[in-house]
Amino acid sequence: MASKEELKGIASQVRRDIIRMVSMAGSGHPGGSMSSTDFMTALYFNVMDQTPETWTRDGKGQDVFILSAGHLAPVLYAVLARRGYFPAAELGSLRKYGSRLQGHPSVQKNLPGVHQAAGSLGQGLSCAAGVALAKKLDKDDKKVYVLCGDGESEEGQIWEAGIFAAHHKLDNLIAFTDWNGQQIDGKVEDVGGLGDLQAKWEAFGWKTIVTDGHDFDAILAAFEEAGKSEGKPVMILFRSEMGHGVDFMAGTHKWHGKAPNQEQVEEAMKQLDETMGDF
Amino acid sequence: MKKYTDSGKIDTRSGFGAGLLEAGKQDSRVVALTADLQGSVKMGDFAAAFPDRYFECGIGEANMVGVAAGMALAGKIPFAGSFAEFITGRVYDQIRQEVSYGNTNVKLASSHAGVTLGEDGATHQTMEDIALMRALPGMVVINPCDFNQTKNATIAAAKYNGAVYLRFGRPKWPNFTDPDEPFEIGKAYVMNEGKDVTIFATGHLVWEALGAAQALEAEGICAEVIDIATIKPLDTMTVINSIRKTRCAVVAEEHNVCGGLGELIAGVLATRCPTPLEFINGGDRFGQSGTPSELLAAYGLDSAHIVEAAKKVLDRKN
């Protein structure tokens with residue numbers, strides 16, 4: 001268990017990693033990775049019952065995390081590396097030929113920590129529901145976590161999964177949405193307005209929690225409350241800011257899928273403490 | 001020629017249902033999912049025997065494929081069933097990412113394939129599914145020819161570790177293969193040995209090919225009939241060995257001309273031993289409403305058309 005101060009430090013390093021990885025790759029998606037950094041850090045360091053030593057793809061007897069919004073690969077890779085699933089030095093290989101760190105998560109190269117491929121949007125929630133269902137069948141009381149994007153929630157399959165998980169009472173399924181309000185073409189409300197996302201999930205029969213996705217007390221409390229659900233799957237809507245942590249990247253869709261240049265990296269590094277040693 | 005007796009017409013989808021029940025008895029990891037088509041895809045017996053391992057997904061095939069992938073990666077052996085169109089074309093991207101690229105042990109149970117679905121018409125009669133599934137890296141594609149073979153193929157699919165597309169149909173159809181012959185994935189079955197022409201057939205058209213061989217025999221033509229029950233991986237040795245003997249062939253399938261068994265065999269033979277070929281398929285067309293036998297004749301898929309094609313290719317050889 002990391003303290004709140006330690007979590008902040010790890011998250012700062014993870015954001016440094018994301019920016020440097022994407023910059024070295026020359027492409028990638030830093031914005032959503034940075035809005036998801038705090039709750040992904042909390043999940044892997046304080047919430048999930050899963051360790052690099054015991055991790056298996058089938059996840060039997062342990063918690064499982066599925067990434068649905070596959071373009072958030074940088075934050076997943078950075079958190080996994082910092083948690084010890086593979087050497088942090090490997091982060092520099094993101095998107096390079098032969099790398100285990102494919103542009104979007106792959107299981108083809110056996111990267112520890114990655115349960116399923118992702119990239120084509122809207123599919124991970126269904127997959128996570130399948131893992132949750134298998135756990136119910138096996139009387140395995142561990143949880144399944146899944147990260148969705150708010151823009152991703154425009155996909156119809158997300159709502160098919162919503163019906164399915166509620167119908168089958170998958171209360172071991174804890175989904176969370178990076179509710180940063182941005183997508184590639186602009187603000188979500190201007191591109192594919194989702195309206196009242198909480199009301200939508202409530203109407204689909206889910207337990208919902210809305211909280212601040214950049215406050216570790218709020219994040220940890222939300223995960224704890226989610227874990228107590230009975231009879232209903234849970235959707236945590238983390239209010240967040242795209243590009244959070246670096247002033248010129250924050251709050252705009254322009255950093256959804258763009259790599260910072262060297263000058264921008266240097267400027268960003270001044271705003272983020274190096275707490276665990278850069279890779 | 002070797003005699004085949006129809007032990008009583010029965011749909012191949014019922015062979016799937018019987019195989020699924022047996023696979024479920026053999027392995028408790030086997031689970032079944034459907035999208036509001038339990039009766040149509042014959043999952044009822046499995047559901048009754050193993051209610052806790054049967055999951056209704058409602059009318060949401062995309063979600064069903066994802067759920068199946070999740071269950072598979074968690075150690076289950078899921079059979080996800082629907083009509084052929086809705087378990088391929090409708091969910092192609094889901095299969096590609098979650099099953100094929102995702103390397104999950106999912107079995108796609110595909111019923112009502114081809115024009116022999118009959119009266120429902122073209123929205124439900126896919127003849128493009130083999131092409132779609134063949135194109136996915138690592139996907140095994142099986143298209144058995146009768147009830148017995150479909151049952152045994154289902155049991156074999158459950159034992160095989162990897163993604164499988166299992167195609168079967170709706171109409172009552174002759175049942176003529178050995179019920180006790182275990183199905184071997186990747187094996188082509190020589191149904192009748194011949195020397196003049198080979199008829200490669202898959203699915204329902206194996207019976208039509210046997211009928212054609214009988215008619216050809218009456219005219220003194222000795223046709224070899226090979227049941228290509230597994231389309232991918234293709235049993236290329238059996239294909240080539242037969243061609244070395246007969247030096248010409250007809251390829252028959254209930255599928256669009258594009259991307260099916262015909263193009264597959266033509267591709268293999270083009271590089272290994274170029275051979276005169278004729279093709280029996282649905283052309284580049286959609287199906288339409290009608291009875292299965294009307295449609296087989298109208299789309300040129302019945303034994304009479306296979307006989308004509310065999311004579312034509314024999315002329316080209318000689």
Which portion of B/S28 sits near chain A, non-hydrogen atoms under 4.5 angstrom = neither

Which bit of B/V31 comes within less than 4.5 Å of chain A, counting heavy atoms only: side chain, backbone, both or neither?
-> side chain

State whether the number of non-hydrogen atoms from other residues, nucleotides or ligands found under 6.0 Å of [X] atom [atom1] is greater than 12.
{"X": "B/N161", "atom1": "CG", "result": "no"}
{"X": "A/K136", "atom1": "NZ", "result": "yes"}
{"X": "B/R29", "atom1": "CZ", "result": "no"}
{"X": "B/F286", "atom1": "CZ", "result": "no"}
{"X": "B/R272", "atom1": "CZ", "result": "no"}
{"X": "A/E202", "atom1": "CD", "result": "yes"}

Return the minimal non-hydrogen interatomic distance between [X] and [Y], and the atom names on each side.
{"X": "A/D138", "Y": "B/A74", "answer": "OD2-O, 4.4 Å"}
{"X": "B/Y101", "Y": "A/Q108", "answer": "O-NE2, 2.8 Å"}
{"X": "B/V67", "Y": "A/L133", "answer": "CG1-CD2, 4.2 Å"}

Options [options], ranked by heavy-atom pairs under 4.5 Å with chain B, top entry:
{"options": "A/S106, A/C127, A/A134, A/A132", "value": "A/C127"}
{"options": "A/V107, A/L137, A/L125", "value": "A/L137"}
{"options": "A/A129, A/A165, A/A161", "value": "A/A161"}

With chain A, which of [options] has the greatest number of heavy-atom pairs at distances under 4.5 Å?
{"options": "B/R53, B/E56, B/M64", "value": "B/E56"}
{"options": "B/G58, B/C57, B/A72", "value": "B/C57"}
{"options": "B/A69, B/G102, B/A68, B/G75", "value": "B/G102"}

Side chain to side chain contact (heavy atoms under 4.5 Å, CB included) between A/V131 and B/M71, worked out | CA-CA 5 Å; A/V131 178; B/M71 296 193 86; over 6 Å; no

With a 4.5 Å limit on heavy-atom distance, are the side chains of A/R57 and B/N103 in contact?
-> yes

Going by heavy atoms in the side chains, are B/L73 and A/D58 under 4.5 Å from each other?
->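 When only atoms from C-beta onward are counted, A/D58 and B/L73 do not touch, as no gap falls below 4.5 Å.
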
Checking heavy atoms, do the side chain of A/T56, its backbone, both or neither come under 4.5 Å from chain B?
->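 For A/T56, there is no contact with chain B at all, as no heavy atom is under 4.5 Å.
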
Contact part of A/A128 toward chain B, heavy-atom cut-off under 4.5 Å: side chain, backbone, both or neither?
->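 For A/A128, there is no contact with chain B at all, as no heavy atom is under 4.5 Å.
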
Is there a donor-acceptor contact under 3.5 Å from the side chain of A/Q116 to the main chain of B/E98?
-> yes

Spatial distance of atom OG (A/S120) from atom CD (B/Q94) [nearest 0.5 Å] | 6.5 Å

Modelled atom types, side-chain donor and acceptor of B/D93 and A/Q123, under 3.5 Å =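 Indeed, the side chains of B/D93 and A/Q123 share at least one donor-acceptor pair under 3.5 Å.
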
